[in-house]
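Below is one structure; the comments refer to it alone.
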Number of protein chains: 2
Amino acid sequence: MPVKLTEVAREAGVSLATASRVLNGSARTPAEDIAKRVRAAAEELGYVANAQAQALAKSTTGLVGLVVHDIADPYFSTFAHGVQKVASLSHHQVLLAGTDLPSEDAPPGDAELAAVRAFISYRTDAIILAASRVTDEDPRLAAALERYINSGGRVVVLGATKIAGASSLMVANKAGAMALATALIEHGTTHFAILAGPAERNTARARVDGFVEGLQAASLVPLATVHGPFTSRGGYDATVDLIHRLGLLAPTPNTTTGADTSRFPSPSGSPLCILVANDVMALGAMTALRTHGFRIPDDVQVAGFDDIPTLRDHSPALTTYRLPLEQMGQRAAELALEPQLRSPVTITGEVVLRESAGFTAPTTGK
Amino acid sequence: MPVKLTEVAREAGVSLATASRVLNGSARTPAEDIAKRVRAAAEELGYVANAQAQALAKSTTGLVGLVVHDIADPYFSTFAHGVQKVASLSHHQVLLAGTDLPSEDAPPGDAELAAVRAFISYRTDAIILAASRVTDEDPRLAAALERYINSGGRVVVLGATKIAGASSLMVANKAGAMALATALIEHGTTHFAILAGPAERNTARARVDGFVEGLQAASLVPLATVHGPFTSRGGYDATVDLIHRLGLLAPTPNTTTGADTSRFPSPSGSPLCILVANDVMALGAMTALRTHGFRIPDDVQVAGFDDIPTLRDHSPALTTYRLPLEQMGQRAAELALEPQLRSPVTITGEVVLRESAGFTAPTTGK
DNA sequence: CTGTTAGCGCATTCAC
DNA sequence: GTGAATGCGCTAACAG
């Protein structure tokens, strides 16, 4: 029903080919006077090129596929924002898929595969895989992606990958976690516990490994490690679990003097510090601690990972490892859209020491 | 380069049409034995249907366009998640666009128009407009959308619209704001200030109007109204501005006794309550207050709007008006994808009274 | 039930 | 520089 190029051409009194040449770029440049007539006709009829038809004719779609885990998670939405930015700059549209939603036909674990297949079906020019995949690399996924790459598609994955021909954006998850743990140790903390994310998630594992190695370097071991989903609720539950496992005792509520009567684990030593594999989960952990009567950082300290922008207003401010999420999205999109770029690109962040781990805020004027 | 249906058909020794019928749904159902052969051939060759070609032939793309303002903003990302959910359930892919990013060619204010044109170009089956548009309804936008609708496209807009044929998802912004203000007044608060969002944003205006009417109903007027962007930074700056304008005095830091030596505005009355047009901005406001030595809710109270999930772990917990963001996204997608649904659909939320406005948390076990 | 044919809307060879 | 013809990969009438 929409007006098509043929109609514009007829209206302008030129051939289909000519109309095509003036409206949608071409090597050959029609005469200016005739071009003006065509443009006028197009404008008048409200012509809008059919991208599907163009895609079929040109075999390039101007589409980039982005698969994240949960777009509502600030980690992914910030990343997505970065992707969007460079995509729009290079005139691409982004197709979004999430691996956390029910996919009707596909089994839960196959969400990523389903998303990739859909993108391949739409012949996206590139696919960005940001949903921290499960360790179990699906051979079907690999096969589909390799075929896609061989057909000229570009794929960028967040983290390492075995997919031949794929570009990868390496993130300093392990090194960052190690650096964070080390910084905390230098600050005098001696007792740690770890709240790990889902065991099967690559990102989560790398961070936990980093925490553990950081502790090992100082001859320390975590008092406990509890796994849970990368959500606020996951952090809350894991923390409650931790409290029970470690037999943590909340200080006697003697708030009038403000003096604390007991600290874990050593009455005289530094408080326990909980290293959490991501910020959102750390937030849940803090809520659990508060609910159970622990003060942060006096009774228990907490450190997260990511430095989610939205959480920077939190009080106490969260000690964490800052990842340039937005920039990561941009780099990923650049790798996807600019073939000449070399991979892998390595992304590092920085340790950010704040109140939740006993550091005093540098009274940021914002 | 990818394998096409013709090849699968040849491999299976059947005609193109038959292959099409078994692989991609059809009314006619081929015999089971022949169907199996085709499926086997497709599997072996790694056939993936070309959605572009299908779209061209069927004139329906299986695409939904979603335009938000800033996908990194939890308000929009949560909404987007809801959209994604029903889209995936009805086997649709979502095309995402943001109006906050530079659009190269298009002027800043034209981002929404550019996004809509792109979606129309891709012949999305429906377009969901969630970027709370500026009040100045662009006639070009309206024209494009109406043509789109007349060509069979469905459009859903968040809020009221003058676009003929568009469905709309009405949100109780004004009524909610009014209810929130009223609840606070009933609680005994007598002095209010307002932190409004961008003046040109519909959503922002409706909320401010609601706040004002709520106050008026109790014969009150806001002590001041400050505008600012819907961001944490916007809330921070607006609050600093407010502090100066109102000459707010922070209590003398006499923390040993915990006694406050001064309160604004009346030493004996209830503290000032700042009504903020959205949660993210309210967060920035709280940070500003804290930075300037005010305790929440003792010295100043704060109320937001939206009840962003990620912010529920904040302390003090934010009093706000809860909007079912995720569900709103779902409803919008349903309106977009299920033609029989009637519009407008009205969404209401609920007042949530929490610590930031002096209410005690019901020790939520989460 | 299966095969043949004709477009879907547009870019792009080719001749002119 | 411009117009006519061919094909992109697939679906949907049509026949058989």
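Within every chain, numbering begins at 1; the chains are lettered A, B, ... in the order of the sequence lines, protein sequences first and strands thereafter.
- One can place CG of A:Leu56 at 7 Å from P of D:dG9, the figure rounded to the nearest angstrom.
- Computed from coordinates, the A:Arg37 CZ to D:dG1 C1' distance equals 14 Å when rounded to whole Å.
- Side-chain proximity of A:Ala53 to C:dC10, C:dG3, D:dT11: nearest is C:dC10.
- For a distance-only test at 3.5 Å, the side chain of A:Arg21 qualifies as a donor-acceptor partner of the base of D:dG3.
- Residue B:Asn24 places at least one side-chain N or O closer than 4.0 Å to OP1 or OP2 of D:dT11.
- Using a 4.0 Å heavy-atom cutoff across all strands shown, B:Ile34 reaches sugar-phosphate atoms only and no base atom.
- Side-chain contact annotation: A:Thr124 with A:Tyr148, donor-acceptor N/O pair under 3.5 Å present.
- Listed pair A:Gln54 / C:dA11 meets the phosphate criterion, a side-chain N or O lying under 4.0 Å from OP1 or OP2.
- Distance CG (A:Leu16) to C1' (C:dC14): 15 Å, rounded to an integer number of Å.
- Phosphate contact (OP1/OP2 of C:dA11, side-chain N/O of A:Ser20, threshold under 4.0 Å): present.
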Self-check item: Verdict with reasoning, B:Arg331 to B:Glu334, per salt bridge (charged side-chain N to carboxylate O under 4.0 Å, His left out)
Solution: CA-CA 5 Å; B:Arg331 287 278 167 288; B:Glu334 286 165 1; 2.9 Å; yes
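- In the model, A:His81 has a side-chain atom that pairs as donor or acceptor with a side-chain atom of B:Asp100 under 3.5 Å.
- The side chain of B:Tyr122 contributes no N or O atom lying less than 4.0 Å from OP1 or OP2 of C:dG9.
- Looking at heavy-atom distances under 4.0 Å, B:Ala49 makes contact with sugar-phosphate atoms alone, never a base.
- In this structure, the nucleotide among D:dA12, D:dC10, C:dG3 sitting nearest to the side chain of B:Ser15 is C:dG3.
- Here D:dC10 is the nucleotide among D:dG3, D:dC10, D:dC8 with the atom lying nearest to any side-chain atom of B:Asn50.
- The separation between A:Arg123 atom CZ and D:dG9 atom C1' is 9 Å, rounded to whole Å.
- DNA chain C is contacted by both A:Tyr47 and B:Ala17; B:Ala17 maps to the nucleotide lying nearer its 5′ end (nearest heavy atom per residue).
- When rounded to the nearest whole Å, the span between NZ of A:Lys58 and P of D:dT6 equals 23 Å.
- Between B:Lys4 atom NZ and D:dG7 atom P there is a gap of 11 Å when expressed in whole angstrom units.
- A 4.5 Å side-chain heavy-atom check between B:Val83 and B:Ile128 finds at least one atom pair inside the cut-off.
- Residue B:Thr18 places none of its side-chain N or O atoms closer than 4.0 Å to OP1 or OP2 of C:dT2.
- Whole-Å rounding puts the A:Leu23 CG to C:dT12 P distance at 14 Å.
- The nearest whole Å value for the distance from the CZ atom in A:Arg10 to the C1' atom in D:dG3 is 16 Å.
- Side-chain atoms of B:Tyr75 and B:Thr203 form no donor-acceptor pair, as typed in the model, at a separation below 3.5 Å.
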